[in-house]
Number of protein chains: 2
Amino acid sequence: MFCSTMSRVEDKHLIGRLNERLSNSGFRFTPQRQHVYAVLSRSGDHPTAEEMFIRAKQEMPDISMATVYNCLDALVKSGLAKQVMVERGAIRFCPNMTAHSHFYCDSCQGIFDIEVPVADGWQLPKGYEAERFDLTIHGRCPECNSWKR
Amino acid sequence: MFCSTMSRVEDKHLIGRLNERLSNSGFRFTPQRQHVYAVLSRSGDHPTAEEMFIRAKQEMPDISMATVYNCLDALVKSGLAKQVMVERGAIRFCPNMTAHSHFYCDSCQGIFDIEVPVADGWQLPKGYEAERFDLTIHGRCPECNSWKR
DNA sequence: CTAGGTGCAAAAGGTTTGCGGTTAA
DNA sequence: TTAACCGCAAACCTTTTGCACCTAG
């Protein structure tokens, strides 16, 4: 099995983090997980599992769908990716682990990472203990807005 | 086909709103939609389409799964219900159309309506035009918190 | 009258699982 | 050495679709 993915200089720093995070969460470090992580990390969008499968296959032709699901699951549980659930159908994955929210364009169905100044300490009802939050803002993206309807 | 649903006094005020909202959105007013709306409205939780099917069948035994999906879709498009997407698997439906957010308990997987003071006017990046937002806070609910891990 | 809705059953879409063989630690 | 992982294919769960009949407007 040939895989040139990690020979990229710009990906080098990711490997160490990946290995550490995986083992911290009780997962093994495998070539497939390394590759799926690399492919997701260099994605500028929010691919579905199937899109990840197609992209991963380009450099690792023998990888299977089940393995892609397995790898994505390991990445999510290791804190290296997020699941994004904004529309019906396939779940999407987000490699951006910095604090951010999502914008969903009702016109073009695009998903965009956005930074919005959000008060982190929500005033929750008594007894609730917040761990994290997911904020998705719906509307029209700049591109679709420039068309003016 | 027997359906006692709308004979309830407390549901009377819902019918007018339903009829108006449906026709405003280009949908017909049917007994099935009336019933699904009544069942959802009196739900205190966030049922899946299948849960709605089971509940709706109790008073309308001949209703089909496809019709439940059709009705729920019409309700969502008419602004009488919201879809809630917080976990993998089936989409859930929320009859509460007041401004509120959701709390997802990572421990018991429960979904709760909560009111959090949220600044409605987000400071969005240039070009984005917000229509609405979905906020889900993850953590532990009061019930699970009382167990202390 | 007729466009839209209903029930049924089959298909499609997305994810999970079981299994025999392989491998990271 | 061995528990975890891999690839493959079948199963599973949720949602959509096609069709013949029906009905709200």
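Just so it is clear: chains get the letters A, B, ... in the order the sequence lines come, proteins before strands, and each one is counted from 1. Values reported hereafter were calculated over all heavy atoms of this structure, with side chains retained and with hydrogens, waters and symmetry mates removed. All of these numbers come straight from a predicted model, not from anything done at the bench.
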Asker: Between C/dA25 and A/Arg28, counting only base atoms on the nucleotide and side-chain atoms on the residue, is there a donor-acceptor pair under 3.5 Å?
Answerer: no
Asker: Can you see which heavy atom on B/Arg42 is nearest to which on B/Glu59, and at what distance?
Answerer: NH1-OE2, 3.3 Å
Asker: Can you tell me which nucleotide in C/dA25, D/dC6, D/dT14 comes closest to the side chain of A/Thr30?
Answerer: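 The answer is D/dC6.
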Asker: Go through residues 83-96 of chain B and report each residue with a non-hydrogen atom lying under 4.0 Å from DNA chain D, sorted by number.
Answerer: B/Ala90, B/Ile91
Asker: With no hydrogens and no angle check, just 3.5 Å: does a side-chain donor-acceptor pair link B/Arg17 and B/Tyr37?
Answerer: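 Per modelled atom types, B/Arg17 and B/Tyr37 side chains form a pair under 3.5 Å.
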Asker: Distances for protein N/O vs nucleotides 18-20 of chain C N/O pairs under 3.5 angstrom?
Answerer:
none

Asker: Can you tell which of D/dT15, D/dG25, C/dT6 lies closest to the side chain of B/Phe29?
Answerer: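 So the nucleotide nearest the side chain must be D/dG25.
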Asker: Side-chain contact, heavy-atom cut-off 4.5 Å: B/Ile111 with B/Val86?
Answerer: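 Touching, per the 4.5 Å side-chain cut-off.
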Asker: Is it true that the side chains of B/His102 and B/Asp134 contain a donor and an acceptor less than 3.5 Å apart?
Answerer: no
Asker: Rounding to a whole Å, what distance do you find between A/Tyr69:OH and D/dA9:C1'?
Answerer: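 From A/Tyr69 OH to D/dA9 C1': 15 Å.
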Asker: Taking only the side-chain nitrogens and oxygens of A/Gln32, find out if one of them lies under 4.0 Å from OP1 or OP2 of C/dT23.
Answerer: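 No, A/Gln32 has no side-chain N/O under 4.0 Å of OP1/OP2 on C/dT23.
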Asker: Quick check for you: among D/dG7, C/dA3, C/dG7, whose closest atom lies nearest to any side-chain atom of B/Thr67?
Answerer: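 Per side-chain heavy atoms of B/Thr67, the pick is C/dG7.
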Asker: What bend angle does the helix from C/dC1-D/dG25 to C/dA25-D/dT1 show across its length, from five-pair end axes and to the nearest 10 degrees?
Answerer: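 Nearest ten degrees gives 50° for this helix.
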Asker: Hey, could you give me the CG/SG distance between A/Leu22 and A/Cys71, rounded to the nearest 0.5 Å?
Answerer: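 So the CG of A/Leu22 and the SG of A/Cys71 are separated by 9.0 Å.
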Asker: What's the separation between atom OG in A/Ser43 and atom CZ in A/Arg55, rounded to the nearest 0.5 Å?
Answerer: 4.5 Å
Asker: Looking at A/Arg33 and A/Asp73, is there a salt bridge between them, counting it only when a charged N and a carboxylate O are closer than 4.0 Å?
Answerer: no
Asker: So that I can tick it off, tell me whether A/Asp106 and B/Arg132 are bridged by a salt bridge, with the cut-off set at under 4.0 angstrom between side-chain N and carboxylate O.
Answerer: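 A salt bridge links B/Arg132 with A/Asp106.
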Asker: Return the nearest nucleotide to the side chain of A/Phe27; candidates are D/dC5, D/dC6, D/dA24.
Answerer: D/dC5
